[in-house]
> 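I have a structure I would like to understand better, so I am pasting it below and will then ask my questions one at a time.
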Number of protein chains: 2
Amino acid sequence: MRLAELSRTTGVPPATIKWYLREGLIRKGEATARNQAQYDESHVRRLRLIRALVDIGGLTTQEARDILAVVDDPNASIDQVVGAAHGALARVPDSDADPTTLAQVDHFLASRGWTVSTGSPARAELAGIVRAMTQLTPGDDHSDQALVAGLAPYANAIDQLAAAEVEELPHDVPRDVLVEQVVLGTVLAERLIGSLRRLAQESAFLARYVTPSDINR
Amino acid sequence: MRLAELSRTTGVPPATIKWYLREGLIRKGEATARNQAQYDESHVRRLRLIRALVDIGGLTTQEARDILAVVDDPNASIDQVVGAAHGALARVPDSDADPTTLAQVDHFLASRGWTVSTGSPARAELAGIVRAMTQLTPGDDHSDQALVAGLAPYANAIDQLAAAEVEELPHDVPRDVLVEQVVLGTVLAERLIGSLRRLAQESAFLARYVTPSDINR
DNA sequence: TCCTTACGGAGAGTAACACTATCCACTCGC
DNA sequence: GCGAGTGGATAGTGTTACTCTCCGTAAGGA
């Protein structure tokens, strides 16, 4: 398979594939001459993975490259792969989180029995979200208890989900397939959950207010 | 309050506030002279809302502006506000979704009893996600039943969540406060769920593989 | 009153990102 | 033998979200 065919089967323009090659997101094809190279199914798969990460997951190509580097490293452990994916998904606030909010978040995590490293991007992100929500939500009960109670519905749903997800992880599968599935399960499933939630919301709103106004973009 | 103070209390640079004014994301302050204007708490609040939508929600300023226009329109209904937020959150694929996947998605929605409009951005987004996952997941059972089964854990968790969220919506509150809460509940909660899920995942992985490797970005 | 500082408004400039277009020497396939 | 196509490199483009600079004016202290 040459570049043009690779482009045709994946729908990615040739110029973009060349650029991905330069950026190191995909491996070079096997050279058959000075200006000819052969690509195979692994390139097709990799290209699809990149597009999924970028188009659906919303990652930058830099972030995708960083994750793929870990995926490709045969010595990287599963939690390193997960860590790379988590790092790319978190929107960590620029400024240091305010310590009060961070303490509240830690209190919440402890109440859930969730143990995470202090450097966890998701922890910093959550602190930023909680801070913004606190500032923008009327009502003045900003106690640790109020936070734990407010997040309870979300945390309950997630606890339930996490159990189901862990069970689904295949275990009799080669490492490269597994890590790819882990990345997909981390990055794509986050968007999946979002769209499902919006679908459920839309349905609930349509049911509540009988007028079915066409909700278009 | 003048521009500099508005900048100081919100942490948004003066030049950026000026730009938001030009772009129509915030209303002008009340002019007290040719080159003096007064801003108030509503401007502070609006600025915080914009930053939350953009920094946390990941919306573009265009999308934030579109949502805010609906929020500000006193004749807009709640589902129009929700629709605007959903439109901004969905990553709808450029090309038309392939009809087979769309049919599968509709079958899944029907199996859940979720009724949504055919123009729903979330429906198109879900089709794109399902398509990408199907292409990238080993195993060849791409039947409608397999999809319903595969999405079941997610849909179950979300059904549980949606019920709790609807209950939490305040109802004895002025319209402008309510619509703002709906926007926050739609946009910020999506990121909230993501970060909670990653936290739960990280905790689960730390627990499973005893070695607590520091997961940094 | 003068004078320094700050103000708002407008336009141009900038940095990052993700491509996209052009050019080139080469080579495959008819 | 020759034209379309190939891989590789470099430069250019469009978008986004600011950021800088300038200007005439105004506020507030000396």
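Note on naming: letters A, B, ... go to the chains in the order of the sequence lines (proteins, then strands), and numbering restarts at 1 for each one.
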> Of Leu59(B) and Ala4(A), whose nearest nucleotide on DNA chain D comes first from the 5' end?
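First, find each residue's nearest nucleotide; the 5'-ward one identifies Ala4(A).
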
> Could you give the CZ-to-C1' distance, from Arg2(A) to dC26(C), as a whole number of Å?
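Between C1' of dC26(C) and CZ of Arg2(A): 14 Å.
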
> On DNA chain C, nearest-nucleotide positions of Met1(B) versus Arg22(B): which is more 5'?
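Residue closer to the 5' terminus by nearest nucleotide: Met1(B).
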
> Got a list of side-chain donor-acceptor pairs under 3.5 Å for residues 36-57 of chain B, not counting sequence neighbours?
{"from": "Gln38(B)", "atom 1": "OE1", "to": "Met1(B)", "atom 2": "N", "distance (Å)": "2.6"}
{"from": "Asp40(B)", "atom 1": "OD1", "to": "Ser42(B)", "atom 2": "N", "distance (Å)": "2.9"}
{"from": "Asp40(B)", "atom 1": "OD1", "to": "Ser42(B)", "atom 2": "OG", "distance (Å)": "2.6"}
{"from": "Asp40(B)", "atom 1": "OD1", "to": "His43(B)", "atom 2": "N", "distance (Å)": "3.4"}
{"from": "Asp40(B)", "atom 1": "OD1", "to": "His43(B)", "atom 2": "ND1", "distance (Å)": "3.1"}
{"from": "His43(B)", "atom 1": "ND1", "to": "Asp40(B)", "atom 2": "N", "distance (Å)": "3.2"}
{"from": "His43(B)", "atom 1": "NE2", "to": "Arg27(B)", "atom 2": "O", "distance (Å)": "3.1"}
{"from": "Arg45(B)", "atom 1": "NE", "to": "Glu180(B)", "atom 2": "OE1", "distance (Å)": "2.8"}
{"from": "Arg45(B)", "atom 1": "NH2", "to": "Leu136(A)", "atom 2": "O", "distance (Å)": "2.8"}
{"from": "Arg45(B)", "atom 1": "NH2", "to": "Glu180(B)", "atom 2": "OE1", "distance (Å)": "2.8"}
{"from": "Arg46(B)", "atom 1": "NH1", "to": "Leu25(B)", "atom 2": "O", "distance (Å)": "3.3"}
{"from": "Arg46(B)", "atom 1": "NH1", "to": "Asp72(B)", "atom 2": "OD2", "distance (Å)": "3.2"}
{"from": "Arg46(B)", "atom 1": "NH2", "to": "Asp72(B)", "atom 2": "OD1", "distance (Å)": "2.6"}
{"from": "Arg46(B)", "atom 1": "NH2", "to": "Asp72(B)", "atom 2": "OD2", "distance (Å)": "3.3"}
{"from": "Arg51(B)", "atom 1": "NE", "to": "Asp55(B)", "atom 2": "OD2", "distance (Å)": "3.3"}
{"from": "Arg51(B)", "atom 1": "NH1", "to": "Tyr20(B)", "atom 2": "OH", "distance (Å)": "3.1"}

> Classify the side-chain pair Arg198(A)/Gln201(A) by whether it contains a donor and acceptor separated by less than 3.5 Å.
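On atom types as modelled, these side chains do not qualify, holding no pair under 3.5 Å.
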
> Arg8(B) CZ to dC7(C) C1': how many Å, rounded?
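Result: 13 Å.
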
> Which heavy atom of Ile67(A) sits nearest a heavy atom of Ala85(A), and at what distance?
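Between these two residues, the closest heavy atoms are CD1-CA, 3.7 Å.
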
> 5'-most contact on DNA chain C: Gln62(A) or Lys28(B), nearest heavy atom basis?
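Looking at DNA chain C, the more 5' nearest nucleotide goes with Lys28(B).
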
> I need the residues from residues 29-58 of chain B with at least one non-hydrogen atom less than 4.0 Å from DNA chain D; give them sorted by number, or say none.
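Heavy-atom cutoff 4.0 Å gives Arg34(B), Asn35(B), Gln36(B).
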
> Would you kindly give the CH2-to-C1' distance between Trp19(A) and dT22(C), to the nearest whole Å?
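After rounding, the gap between these two atoms is 18 Å.
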
> To the nearest 0.5 Å, tell me how far Thr118(A) OG1 sits from Asp106(A) CG.
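With rounding to 0.5 Å, OG1 (Thr118(A)) is 8.5 Å from CG (Asp106(A)).
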
> Which whole-number value in Å describes the distance from Leu6(B) CG to dG8(C) C1'?
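After rounding, the reported distance stands at 13 Å.
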
> Using the side-chain heavy atoms of Thr61(B), tell me which of these nucleotides is nearest: dC18(D), dG8(D), dT19(D).
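Among dC18(D), dG8(D), dT19(D), the one nearest the side chain of Thr61(B) is dC18(D).
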
> Rounded to the nearest Å, what distance is computed from the CD atom of residue Glu5(A) to the P atom of nucleotide dG29(C)?
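Answer to the nearest Å: 12 Å.
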
> Let me see the working for Arg123(B) and Glu202(A) under salt bridge (charged side-chain N to carboxylate O under 4.0 Å, His left out), right down to the final yes or no.
CA-CA 10 Å; Arg123(B) 173 171 168 268; Glu202(A) 190 182 327; over 6 Å; no

> Could you give the CG-to-C1' distance, from Leu25(A) to dA18(C), as a whole number of Å?
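Rounded to the whole Å, the gap is 11 Å.
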
> Using a cut-off of strictly less than 4.0 Å, decide whether Thr16(A) has a side-chain nitrogen or oxygen near OP1 or OP2 of dC19(C).
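No, because none of the side-chain N or O atoms of Thr16(A) sits under 4.0 Å from OP1 or OP2 of dC19(C).
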
> For the pair made of CZ in Arg65(B) and C1' in dA17(D), what is the distance, rounded to whole Å?
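The distance from CZ of Arg65(B) to C1' of dA17(D) comes to 13 Å, rounded to the nearest Å.
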
> Send over the distance from Ile26(B) CD1 to dG8(C) C1', rounded to a whole Å.
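Ile26(B) atom CD1 is separated from dG8(C) atom C1' by 13 Å.
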
> Indicate the atoms forming the closest heavy-atom contact of Glu168(B) with Gly150(A), along with that distance.
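Smallest interatomic distance, heavy atoms only, reads OE2-O, 4.2 Å.
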
> With respect to the phosphate group of dC19(C), does any side-chain polar atom (N or O) of Tyr20(A) fall under 4.0 Å of OP1 or OP2?
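It does, given that an N or O in the side chain of Tyr20(A) lies less than 4.0 Å from OP1 or OP2 of dC19(C).
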
> Does atom CZ of Arg175(A) have more than 12 heavy-atom neighbours, drawn from other residues, nucleotides or ligands, at distances under 6.0 Å?
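Yes, the 6.0 Å shell around CZ holds more than 12 heavy atoms from other groups.
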
